[in-house]
Each structure stands twice: as structure tokens, then as C-alpha cells.
Amino acid sequence: MVKLDRLINVLGGYGVRVVGQPRGRDAELHSVAMHDPTAGSPVTGDALLAVGVPDIAGALELARAAQAGAVLVRTGAEPDPDALAAARAAESCVLLVPAEISWSQVAGVVYGLVLEGRETESGRGPSDLFTLADSIATTVGEPVTIEDQLSRVMAYSSVQGDTDPARLDTILGRRVPEGVRQLFDERGVFTHLAVSDEPLYVVGAPEHGLQDRTVVAVRAGRELLGSLWITCDGPLDTARSRALADGAHTVALHLLRSRVSADLERQVESELVIQLLEGTPDAAAVLGKLGLPPRRHRVIALQAHTAAERNAAILLAFERATTGFGWSRPGRTTLFGNTVYTLLPCDDDPAPTLGWLRELSRGLPGHARVAAGVGAPAEPGEIPASKQEADESLALHARRPGTEPVCYDEAWDEILLQRLRTAAAAGRVPSRGPINHLAHHDDTHGTVLVPTLRAWLEAQGDLNTAAERLEVHPNTVRNRLRKMSEVTDLRLDEPRTRLAMLIALAVDNPDHGHER
């Protein structure tokens, strides 16, 4: 099930547009029908694909027969005034599909959203995995748990029976307790699941609060997708073993559909987020398609890698960033190059971004190296600027491993200097001047005029403060300043000159130490 408004927003990313004035955009769509010209009887469904019908009038006639709330028409021609009038007066919402979009593409999107439009791993696919668990539990007469490859709970039956402590801990913790998982590993359970599709009986372990179990692999081809567990009092008979194996096959089909739906939604989401990052005149409309509120957003840039496999960590980070339940995920994400970008609505307070980063990092391998930066809050049209700030903040964090992610609000001064250093490296700042003359003198005569000038400028001309920083007597600073005036024309009495020299010193050596 999906609401009509959601279907319209997603299809809008493919160029599909609404004709007329749709009513009841909060209407729920539960089924899909495809027009078949060779069929003798009309089809029925909440969303109708008017395949082979090039005009709106004919599509609306089919929609009335199908009792459809939405009808999709594929045509390259603009609707005439009569067709527009009919679309406005119709009970069905008319969606016009561009001629360059194939019916197979449209069908994939519509079927994926409507038939698999509840919660999934990515937050946008089937949620009837719990219903399926209940169905299997009813068939085999025992409580059921469905887990992924890492023993994390994906669904469980409401049929509890004599639930043991281990199952309760598994459900509450959303994954198998570590002690129980280690026991299964020692008994070869996971080895069996990796190579066999036959149900395996596992004797209970009272010391772990574990009753007897039977488990079967959930597999698609050669790929292990997870496992199906039931709590039992002894080995299953042939009929119940067969029912369990059939249930695992159904779960596998379900998970494959879920994956397709998730991948499709991730693609749509990624493309829309990239539009915002690169800049678009329709930024507010794109935010609406993503289901984000019309407020200021921050861009988060994140990179992650391990020494063994550079791409695995960033792919896992992207998967976690796009995983959630329904549309409760606070942000929207794309993977662009080797960087995960997320848009998060949080206005002036950067705390939600840092919390989001901490939560995401907890799901990554402990040895993964993570660098992240957060841009300043931006209006919809300013998101590209926030992306640049996030990139620059990320670059700062990459040079400070083991520290908190860098937020532009607190690091704007360092980023400004980094931009000036980049300009200097490109030859866009003067390469000759008082600072260069003093540096040459220091190199030639072994003096420390440049560090002395820096300390004096940073102390705003206070000799005592500068001397304390340099750990010398104030007269020494005074004498060095006199020497500087002999080497070059400093003009220390001019505020603009002092500011320019301070900037030049910061750009030239941002991590200076104070020398004597």
C-alpha cells in the first residue's frame, strides 16, 4: 500500500506529471492493474496502467471500469482542451508518462511502490514480513523468527507459545544474544546454513535460556539472505519440515522483492539529492519529492574506509544512511564518488547532525576510519554552498583522526584560511612582500624575525604578551622589531598592513609553533 501523493512524487522524478487537478492525494492505493487489449473482461485495480491506450479519454473510460484512483497514460502528444477538461472532471487522477519512458520502467516503479509500499529494510518496501512470519507459525504450530545473515531480527510471529528467555532477548535486542550466537557457531549451525537448504534441528541449552530450535536457510540461488527459526520441543516431522522449507522459500522471494524496491527507491532518492547538491531552480519542489520539510537544511559529508577494503566501509555507510522504518528517517542521502552526502533538516542547531553521525558510525566496523564534515544551515537554493562547506569541514576532520566531526559553524575561520592557502598555491596572492623579505633574512642569517612578527601581531602590538609567548624579554622583541624595519618597509602603524601581514602569516604556516 502507498498513498497517491507518494506515487505522484516518486514518478515525478521520472518526468511523469499530473494532468488536471488531482483530488484526494492522501488516498491509499492497494492494487495495480495493467490494461490488456486481448483480454475479454476489464481489469480492476487502484492504479491502472493504460498500456496501448494513447489518449486520455480512452484511459479514463478504462479507469472508471477498473475503479482506479489513478490511471497512467503514455503519450508524446500534449493533451487537447477537451482531454484536460475530462481529466479535471474525472474521479481518477491522470498521470501523463513521457513517450521516452518505457512501460517496463513505469511498471517497475508502480508495482514496487503499490504492492511493496510498506516498511522494508530501506524503509520503503514490504512490511508484511511479520504477517508472513505469522502465517508460517500457524502452519508449523510454533513461534517463528526471521533473521538476516548477521543474526539480526527482521520479523517474528505474534504466536509466542512457550517463549524461552533466549527468544525474548533476541526480539527485544533485535539480534541474537552474543553468547547464544557463539554457541550456534561452535555447534556448526552457521556452517550448515552456508551450504545446505535442509532444516537443522538444534538441541536446546538451558544455561543460555534456550529451548530446542529448528532452523532453515533463506537463500536466493547461491546467496544466503538469512535464516528462518522456530522454537520446538523436538525434531519436526516430515510435514512440518516441508512446511518450514516452503516458508523459507517464500521469505526468500519476499526479501528479493524488498531488495529491488529498496534499490529502486535509493536510486530515485540519490538522483534528487544530487540535484539539490549541484543546484536547481526547483529546489523547493525537489525537497517536496524527497518528503523533506520546507526549512533550512545542513549537508553532511562522510567518508569511511578500512585498510583491507577501501570501498566496503563507505558502501556500508550508505546502506545504513538509507535504512530506516517508513519515512521516519530524518535525512535523505546519496553516494557521490567516495563520499556519502546527507541532507538533514536542523536549522541553526548542529547537534542533530552530530547525533546522526554518531549513530551511523556505531554501525560501521570498529577499525573503519571515518571522516565527516557538516555544512552551515542553508535555504533550499543555498544547499550547494552548504555542500562545499561540508566538503571543506570533512577535509579538516580527515587531518584530525580520532576527533569529533568538524562543523562549519565552529571551523569557518580555519576553512577561510584554507581557501586562502588554496588561492596562494594557485598563484593568486602576492609572492613578494615584507613577509617574504623577513623570511629570506631568517634563512640567510639564522634570525627569528618572522616568528617574532607573528607573535607581536597576534598580541595586537602588546610587547609583554608577545615576549611571554616567545619566552624572551620585552626588550628582545623591541630590538627585533627595530631590526625588521631595517630589513623591509613594515609600516606597522597602518591597520590594513598589519591585517594583511597577519593573514599572510596564517596562510603560509597555519600550524606554526612559537620560536624563541
Side-chain angles (χ1 to χ4, degrees), residues 1-117 124 264-265 267-269 271-272 275 280-291 294 380:
M1 178 274 296
V2 70
K3 289 189 176 182
L4 175 59
D5 182 72
R6 176 71 184 130
L7 181 67
I8 291 172
N9 287 336
V10 171
L11 289 175
Y14 291 84
V16 177
R17 58 192 176 93
V18 176
V19 179
Q21 300 295 325
R23 289 173 289 178
R25 287 179 67 135
D26 59 345
E28 296 180 349
L29 307 178
H30 296 267
S31 58
V32 180
M34 183 179 292
H35 172 59
D36 182 357
T38 65
S41 57
V43 294
T44 58
D46 295 330
L48 174 65
L49 307 180
V51 178
V53 182
D55 61 280
I56 291 177
L60 285 174
E61 184 178 343
L62 292 173
R64 282 190 289 271
Q67 301 178 358
V71 57
L72 285 84
V73 188
R74 180 172 173 265
T75 176
E78 284 295 315
D80 57 42
D82 291 341
L84 287 174
R88 293 190 187 99
E91 293 294 326
S92 301
C93 174
V94 180
L95 299 172
L96 204 61
V97 181
E100 59 270 19
I101 306 297
S102 69
W103 272 118
S104 61
Q105 289 177 295
V106 176
V109 175
V110 176
Y111 275 98
L113 284 172
V114 176
L115 297 186
E116 303 180 350
R124 280 119 30 225
L264 173 66
E265 285 287 312
Q267 178 185 346
V268 173
E269 179 177 320
E271 291 173 352
L272 293 175
Q275 286 184 38
T280 171
D282 300 324
V286 174
L287 284 173
K289 291 179 182 179
L290 286 166

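One finds the CG atom of Leu29 at 11.5 Å from the CG atom of Leu48 (value rounded to the nearest 0.5 Å). With rounding to the nearest 0.5 Å, the separation of NZ in Lys3 from CG in Asn9 is 12.5 Å. We find the CG-CD1 distance between Asp80 and Ile56 to be 7.5 Å, quoted to the nearest 0.5 Å. Atom CZ of Arg74 and atom CD of Glu100 lie 8.5 Å apart (nearest 0.5 Å).
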Let me see the working for Ile8 and Leu95 under side-chain contact (heavy atoms from CB on, under 4.5 Å), right down to the final yes or no. CA-CA 8 Å; Ile8 291 172; Leu95 299 172; 4.0 Å; yes
Under the criterion side-chain contact (heavy atoms from CB on, under 4.5 Å), I'd like the reasoning laid out for Val32 against Asp46: C-alpha separation, chi angles, the key distance, then a yes or no. CA-CA 6 Å; Val32 180; Asp46 295 330; over 6 Å; no
Using the rule given for side-chain contact (heavy atoms from CB on, under 4.5 Å), can you reason through Val53 versus Val51, listing the C-alpha separation, both sets of side-chain angles and the distance that settles it, and then say yes or no? CA-CA 6 Å; Val53 182; Val51 178; over 6 Å; no
For a side-chain contact (heavy atoms from CB on, under 4.5 Å) check, start with the C-alpha distance between Val19 and Val73, then their side-chain angles and the critical distance, and finish with the verdict. CA-CA 10 Å; Val19 179; Val73 188; over 6 Å; no
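Of all heavy-atom pairs spanning Trp103 and Leu72, the tightest one is CH2-O, 3.3 Å. Summarising the geometry of Pro79 relative to Arg17, their closest heavy-atom pair is CD-NH2, 4.4 Å, with the distance given to 0.1 Å. Pro380 approaches Ala283 most closely through the heavy-atom pair O-CB, 3.4 Å. Here the shortest heavy-atom pairing between Ile101 and Val97 reads CB-CG1, 4.0 Å. Taking every heavy atom of both residues into account, Val71 and Ala63 meet most closely at CB-CB, 3.9 Å.
Under the 3.5 Å distance criterion, the side-chain polar atoms of Thr280 are left unmatched by any main-chain donor or acceptor of Gln275.
Glu269 is not listed as a side-chain neighbour of Leu272, based on a closest heavy-atom distance of 4.5 Å or more. A 4.5 Å side-chain heavy-atom check between Leu60 and Val94 finds at least one atom pair inside the cut-off.
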